Amino acid sequence: MGEVIKTDIVIIGAGPIGLFAVFELGLLDMRAHLIDILDKVGGQCAELYPEKPIYDIPGIPFTSAQGLVDGLLAQIKPFNAQYHLGEMVETVEKIGDPLFRVTTDLGKQFESKVVVIAAGGGSFQPKRPPIPGIEPYEGKSVFYAVRKMEAFRGKRVLIVGGGDSALDWTLNLAPIAGHLTLLHRRSEFRAAPDSVNKMRALVGEGKIDFVLGQVTALGGESGQLSKAVIKTNDGAVLEIACDALLPFFGLTMKLGPVANWGLDLRNNELIPVNTENFETSTPGIFAIGDINWYPGKLKLILSGFHEAALMAQKAHRYIYPEKRLVFQYTTSSTSLQKKLGVAPAPAPAE
Ligand SMILES: Cc1cc2nc3c(=O)[nH]c(=O)nc-3n(C[C@H](O)[C@H](O)[C@H](O)COP(=O)(O)OP(=O)(O)OC[C@H]3O[C@@H](n4cnc5c(N)ncnc54)[C@H](O)[C@@H]3O)c2cc1C
């Protein structure tokens, strides 16, 4: 085991909210170490839907999910956060008042005055569909997320599911795929009605196919699919030729090790917080973003950004108990601008 890393703040989870927390903490002179199980930053945005558009980030009418992550990285650059990727936080122990020991599955240890849990849905995993013999195709021609749309150009794509992911990817991949079929077991959809209408319009124009039924078997060689066998809702059996299968059966939100850190939990999956500062039942441990719960909580990126700002105010009291916190705008505060590296150059000497 290496040396213990001593720091003001450990942020567990480098999703959009963990990243923005670095900014809010940095403005108040607090430096952070970020830890994430994934081998990249960006959480759900980077892992599940990097190329999908986001329209509800205030002041940014349109960006892709990866574009948002890239923007956040540029925004927090001045604060020089330390990243520990590909590591899962296993334990958080209270060893002082407040002081915590944070240990990862690789045995790395941190001693931190404040811990910020920005763990989203925890260790999220796509649900595997009940198709016998699917395993050898996974990662080769069966994918649970779309990393690069270009990978599907000209391919025969079969998308399975009726939720937002299935419908969104149907609409996004329709112009790229050589041929696209959407398969769903019911004619009702969980997806947004607008997406369903757009999908039906594409079917009407003959641009994609829609089939009611379920996949019962796969055919192919060495992990490369060539067909899926479908049992349709009216009992017929048909084969759909395909190069790629994209099943969207939802995600299992497994809280993972967070459940064992002695915090109060709601329904064993979310961390209740005080909305004044987003602190948990343990003073010095905060929870922001999708992982937390309070009355009226919306799992939106913009909500998490707000939570990060209020968390930083309270964290400051733990890190700098002697210092008075003065509220300032980045627009007008030269001290904040200096921290951001954008302070106007001093006027030239006479
Ligand atoms: C398809 C799709 C479309 C969406 N569209 C929008 C939209 O248009 N607008 C919007 O506002 N929101 C949207 N969302 C929701 C949005 O992505 C989430 O609200 C946001 O990602 C939450 O950010 P987060 O940082 O709290 O969590 P996450 O993005 O889930 O990141 C949490 C990170 O914590 C890590 N982690 C968890 N446990 C541990 C551990 N023990 N140790 C180390 N790391 C850990 C995970 O690996 C993950 O990277 C969408 C979500 C999906 C799936």
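These values consider heavy atoms only, across backbone and side chains, with no hydrogens, waters or symmetry-generated copies. All values derive from a computational prediction rather than experimental measurement. Indexing begins at 1, ligand by ligand and atom by atom, following the structure's order.
Looking at Ile17 next to ligand 1, an N or O pair under 3.5 Å apart turns up. Distances between N or O atoms of Gln44 and those of ligand 1 include at least one value under 3.5 Å. Of the polar atoms of Lys52, none of the N or O atoms is found under 3.5 Å from an N or O of ligand 1, judged by distance alone. For a threshold of 3.5 Å applied to N or O pairs, the pair formed by Asp36 and ligand 1 contains at least one separation below that value.
Counting atoms of ligand 1 from 1 in the listed order, those under 4.0 Å from a heavy atom of Gly121 are 30 (O). Close contacts of ligand 1 with Lys299, meaning ligand atoms under 4.0 Å from a residue heavy atom, involve 19 (O). Listed by number with element, the atoms of ligand 1 under 4.0 angstrom from any heavy atom of Gly120 are 26 (O), 27 (O), 28 (P), 30 (O), 32 (C). Atoms of ligand 1 lying under 4.0 Å from any heavy atom of Gly289, numbered from 1 in the order shown and given with element: 26 (O). Close contacts between ligand 1 and Glu87 involve ligand atoms 43 (C) [criterion: under 4.0 Å to a heavy atom]. Less than 4.0 angstrom separates some heavy atom of Leu300 from each of these atoms of ligand 1: 10 (C), 11 (O). Remark: ligand 1 atoms within the under-4.0 Å shell around heavy atoms of Gly13 are 33 (C), 34 (O), 35 (C). Those atoms of ligand 1 that come under 4.0 Å of a heavy atom in Ile35, given as number and element, are 43 (C), 44 (N).
Residue Gly256 places every heavy atom at 4.0 Å or more from ligand 1.
Using a 4.0 Å cut-off between charged nitrogen and carboxylate oxygen, Lys113 and Asp8 count as a salt-bridge pair. By the 4.0 Å N-to-carboxylate-O rule, Asp105 lies too far from Lys108 to be salt-bridged with it.
To the nearest 0.5 angstrom, Tyr318 atom OH is 13.0 Å from Leu99 atom CG.
Under 4.0 Å from ligand 1, heavy atoms of Met88 appear from its side chain as well as its backbone. Looking at Ala118 against ligand 1, only its backbone comes within 4.0 Å, counting heavy atoms.
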Tabulate below the donor-acceptor pairs under 3.5 Å that side-chain atoms of residues 236-245 make, not counting sequence neighbours, or state none.
| from | atom 1 | to | atom 2 | distance (Å) |
| --- | --- | --- | --- | --- |
| Glu239 | OE2 | Lys227 | NZ | 3.3 |
| Asp243 | OD1 | Arg156 | NE | 3.4 |
| Asp243 | OD1 | Arg156 | NH2 | 2.8 |
| Asp243 | OD2 | Arg156 | N | 2.7 |
| Asp243 | OD2 | Arg156 | NE | 3.2 |

Under 3.5 Å, which donor-acceptor pairs do the side chains of residues 27-36 form with other protein atoms, sequence neighbours left out?
| from | atom 1 | to | atom 2 | distance (Å) |
| --- | --- | --- | --- | --- |
| Asp29 | OD1 | Lys339 | NZ | 3.4 |
| Asp29 | OD2 | Lys339 | NZ | 3.4 |
| His33 | ND1 | His84 | NE2 | 2.8 |
| Asp36 | OD1 | Leu38 | N | 2.8 |
| Asp36 | OD2 | Ala14 | N | 2.7 |

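Note: Phe189 and Phe210 have tilted aromatic rings, judged against thresholds of 30 and 60 degrees for the angle between ring planes. Using cut-offs of 30° and 60° for the angle between ring planes, the Tyr329 and Phe327 rings count as perpendicular. Taking the six-membered ring where the residue is Trp, Trp169 and Phe248 present parallel rings, their angle staying beneath 30° rather than reaching 60°.
Residues Glu90 and Asn260 bring no donor and acceptor atom of their side chains to less than 3.5 Å of each other.
Nearest to atom 36 (N) of ligand 1 by heavy-atom distance, out of Ile37, Asp56, Val89, is Ile37.
Just one of Val114, Ile117, Val116 meets the side-chain contact (heavy atoms from CB on, under 4.5 Å) condition when paired with Ile285; it is Ile117.
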